[in-house]
Amino acid sequence: MDQFQQPIRVRMAPSPTGFLHIGGARTALFNYLFARHMGGTFVLRIEDTDRERSEKKYEEAILQDLRWLGLDWDEGPERHGSYGPYYQTQRLSIYAGYLNQLHHQQKTYACYCSPHELEAERQELLKRKKTPRYMGKCRSLTDQEKKKFEQEGRSPVIRFKVDESKVIEFDDLIRGKVQVDPKNIGDFVIAKGDGMPLYNFAAAIDDTEMKISHVIRGEEHLSNTPRQLLILKALNLKAPLYAHVSIILAPDRSKLSKRHGATSLGEYQKLGYLPEALFNYLALLGWNPGDEREVMTSAEIIREFTIEKMTKSPAIFDVQKLSWMNGIYIRNANISELSQNIKPFLEEAGFSVSEKDPVLIEKIVEGVRGNLEHLNQIGNYADIFFDEKFKLEEDAKKHLKDNQEVATEILEALLRLLEKYDHMDVKAYETIQEELKKTVKAKGKLLFLTQRAALTGKLKGPEMVFICTTLPVASLKKRLQTVLTALS
RNA sequence: GUCCCCUUCGUCUAGCCCGGUCCAGGACACCUCCCUUUCACGGAGGUAACACGGGUUCAAAUCCCGUAGGGGACGCCA
């Protein structure tokens with residue numbers, strides 16, 4: 001009962017041992033949504049106890065990616081709160097205190113088994129078709145035995161004594177009642193010999209110490225939960241409520257990994273996915289608003305979000321649907337913001353954006369955004385607006401060659417008509433086209449396609465009127481001359 | 001191998017708790033048509049699923065049992 005009165009506090013607890021992946025981002029998102037919906041607090045905690053693998057660059061990337069997605073935390077790195085520090089390596093004295101307490105309660109013991117011995121035990125159990133686990137060899141070592149091991153140069157780890165007599169049970173907010181037989185767990189390591197805590201111990205302690213009310217995390221932690229519960233119970237600490245979110249799978253139903261393409265948030269950013277689209281898409285992977293809405297703003301999603309509407313079954317990450325959604329966000333984006341966002345992608349595609357009039361860039365973006373599913377594709381559509389990229393593509397060249405005589409007539413006539421203009425608007429364009437129809441034999445598709453081929457070097461693209469009113473007349477003339485020369 | 005979790009169109013999902021309104025609804029993808037002297041956008045249709053087997057019931061996607069399949073965990077990683 002009292003859990004409903006306690007303030008809502010959730011956390012995202014990444015370890016800086018790699019970049020933020022799609023799955024981690026989604027877990028963070030669900031925590032964020034729950035916190036914002038409930039008016040609670042979203043805590044970010046850095047689980048950096050694995051010193052060998054943790055790196056500052058990963059931590060920085062994770063923070064950057066979370067911010068990019070729009071998941072601002074209320075407490076954590078760079079955001080001071082009352083439950084810090086928010087780096088586990090800065091909380092060592094806290095863990096030491098609890099470790100000491102467990103030691104005095106005789107709930108822990110030092111284990112001197114070597115990795116080799118543990119592996120042998122594991123293999124043995126596997127062979128006997130049993131769940132591999134630590135069987136408690138060092139559970140009741142005498143002082144003398146310990147001394148002997150120390151003299152052999154072995155360094156101990158601290159294991160937690162698992163009480164095998166009682167079945168562990170908890171209510172998962174997503175999965176319902178979960179029961180685990182402790183006989184399948186085995187005394188697990190909670191700290192290294194030097195006192196550095198391991199995940200199950202540190203996470204359990206921090207969750208209560210930071211007054212976390214709901215732990216929303218990936219399903220891969222479901223089997224860790226009984227261990228954490230055991231630790232909390234031994235210390236007489238209050239356990240949070242748990243919600244284990246199903247994991248995200250690759251299209252072949254295996255775990256999402258590098259071979260399936262982009263997996264980190266940073267990669268999606270580089271491909272030109274908009275954070276709003278990813279936010280929306282990820283929220284729909286394992287959750288739905290209960291009606292048929294799909295394209296929703298973050299405010300809408302926050303308003304509708306509840307844990308009850310989360311799905312139990314794993315979901316496959318479908319880039320195609322994400323791309324569709326991204327296309328919608330691109331089409332609906334504010335044009336000046338979008339143009340701003342798209343500039344780096346244009347630069348990357350080799351266009352000299354800085355030399356162009358910003359108004360022109362906006363116009364180009366406006367004209368071609370309908371074709372884009374992600375910003376990275378801009379180069380394929382914007383090239384026709386940059387003279388330095390002008391080039392006759394094979395199919396366009398073929399069209400012109402196949403109709404050489406008519407084409408020459410059309411293009412020469414067009415060039416003559418253009419003489420009267422130094423800039424063009426829609427009206428001028430229409431006048432020119434009317435005149436053109438009167439002067440040349442060709443009409444219909446042939447007339448238009450020929451102009452398109454010569455003016456853009458391609459057979460497909462935006463509307464001709466858009467192209468002609470966007471490009472400077474000088475460019476149009478230049479292109480016509482180039483093509484005419486090539487044709488003669 | 002053992003333990004745990006999961007199972008509705010190819011994919012994301014609604015419906016399942018409280019059986020009939022479901023010969024299962026929406027979305028992506030795919031196909032067709034319309035719009036468009038091109039492409040895209042947009043619009044209108046279409047193909048496509050209750051994993052399987054038993055039971056309970058007048059009636060089961062919905063309840064029960066079993067089987068199969070998939071996933072996760074089994075670390076001095078998190």
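Just so it is clear: chains get the letters A, B, ... in the order the sequence lines come, proteins before strands, and each one is counted from 1.
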Whole-Å distance between [N] [atom2] and [X] [atom1]?
X: A:Arg369; N: B:G42; atom1: CZ; atom2: P; value: 13 Å
X: A:Trp287; N: B:C12; atom1: CH2; atom2: C1'; value: 13 Å
X: A:Tyr199; N: B:A73; atom1: OH; atom2: C1'; value: 12 Å
X: A:His244; N: B:A78; atom1: NE2; atom2: P; value: 16 Å
X: A:Met310; N: B:U13; atom1: CE; atom2: C1'; value: 15 Å
X: A:Arg45; N: B:A78; atom1: CZ; atom2: P; value: 12 Å
X: A:Leu282; N: B:U13; atom1: CG; atom2: C1'; value: 16 Å
X: A:Asp187; N: B:C74; atom1: CG; atom2: C1'; value: 15 Å

Inset, instruction - Using the C1' atom on both, measure B:U57 against B:C31 and round to a whole Å. - result: 42 Å
For [X] and [Y], which I'm curious about, is there any donor-acceptor pair between the side chains at under 3.5 Å?
X: A:Glu152; Y: A:Tyr112; result: no
X: A:Tyr281; Y: A:Asp318; result: no
X: A:Asp206; Y: A:Gln88; result: yes
X: A:Asn326; Y: A:His374; result: no

Counting the atoms with a prime plus P, OP1 and OP2 as sugar-phosphate, which does [X] contact under 4.0 Å by heavy atoms, base, sugar-phosphate, or nothing?
X: A:Ile185; result: nothing
X: A:Asn200; result: nothing
X: A:Arg122; result: sugar-phosphate
X: A:Val157; result: base
X: A:Gly218; result: nothing

Please tabulate, one pair per line, each protein N/O and nucleotide N/O from nucleotides 6-11 of chain B that are separated by under 3.5 Å, including the distance.
{"from": "B:C6", "atom 1": "OP1", "to": "A:Lys312", "atom 2": "NZ", "distance (Å)": "3.4"}

Restricting both atoms to N or O, compile the protein contacts to nucleotides 43-45 of chain B shorter than 3.5 Å, with distance only.
none

Legend entry - Nearest heavy atoms of A:Leu69 and A:Phe279, plus distance in Å: O-CD1, 3.4 Å
Inset, instruction - Specify the closest pair of heavy atoms between A:Lys458 and A:Asn380, including all atoms of both residues, with the distance to one decimal. - result: NZ-O, 3.1 Å
Inset, instruction - Report yes if the distance between the aromatic ring centroids of A:Tyr429 and A:Phe466 is under 6.0 Å, otherwise no. - result: no
Legend entry - A:Glu164/A:Arg133 salt bridge by N-O under 4.0 Å criterion: yes
Inset, instruction - Would you mind telling me which residue lines up with the more 5' stretch of RNA chain B, A:Leu284 or A:Lys309, judged by nearest nucleotide? - result: A:Leu284
Legend entry - Residue whose closest nucleotide on RNA chain B lies nearer the 5' end, A:Gly370 versus A:Pro156: A:Gly370
Inset, instruction - Answer yes or no on whether A:Arg227 is positioned over the face of A:Phe188, meaning its NZ or CZ is under 6.0 Å from the six-membered ring centre and within 45° of the axis. - result: yes
Legend entry - Verdict with reasoning, A:Phe30 to A:His214, per ring-ring contact (aromatic ring centres under 6.0 Å, His included): CA-CA 11 Å; A:Phe30 285 139; A:His214 296 70; over 10 Å; no
Legend entry - Base-pairing assignment for B:C74 (Watson-Crick or G-U wobble, both under 3.5 Å): B:G1
Inset, instruction - Write down the partner of B:U21 under the Watson-Crick or G-U wobble criteria, each distance required to be under 3.5 Å. - result: none
Pairs under 3.5 angstrom, nitrogen or oxygen only, protein versus nucleotides 37-39 of chain B, please.
{"from": "B:U37", "atom 1": "O2", "to": "A:Lys445", "atom 2": "N", "distance (Å)": "3.2"}
{"from": "B:U38", "atom 1": "O2", "to": "A:Gly461", "atom 2": "N", "distance (Å)": "2.8"}
{"from": "B:U38", "atom 1": "O2", "to": "A:Gly461", "atom 2": "O", "distance (Å)": "3.1"}
{"from": "B:U38", "atom 1": "N3", "to": "A:Arg452", "atom 2": "NH2", "distance (Å)": "2.9"}
{"from": "B:U38", "atom 1": "N3", "to": "A:Gly461", "atom 2": "O", "distance (Å)": "2.5"}
{"from": "B:U38", "atom 1": "O4", "to": "A:Glu463", "atom 2": "N", "distance (Å)": "3.2"}
{"from": "B:C39", "atom 1": "O2", "to": "A:Asn371", "atom 2": "ND2", "distance (Å)": "3.2"}
{"from": "B:C39", "atom 1": "N3", "to": "A:Gly461", "atom 2": "O", "distance (Å)": "3.4"}

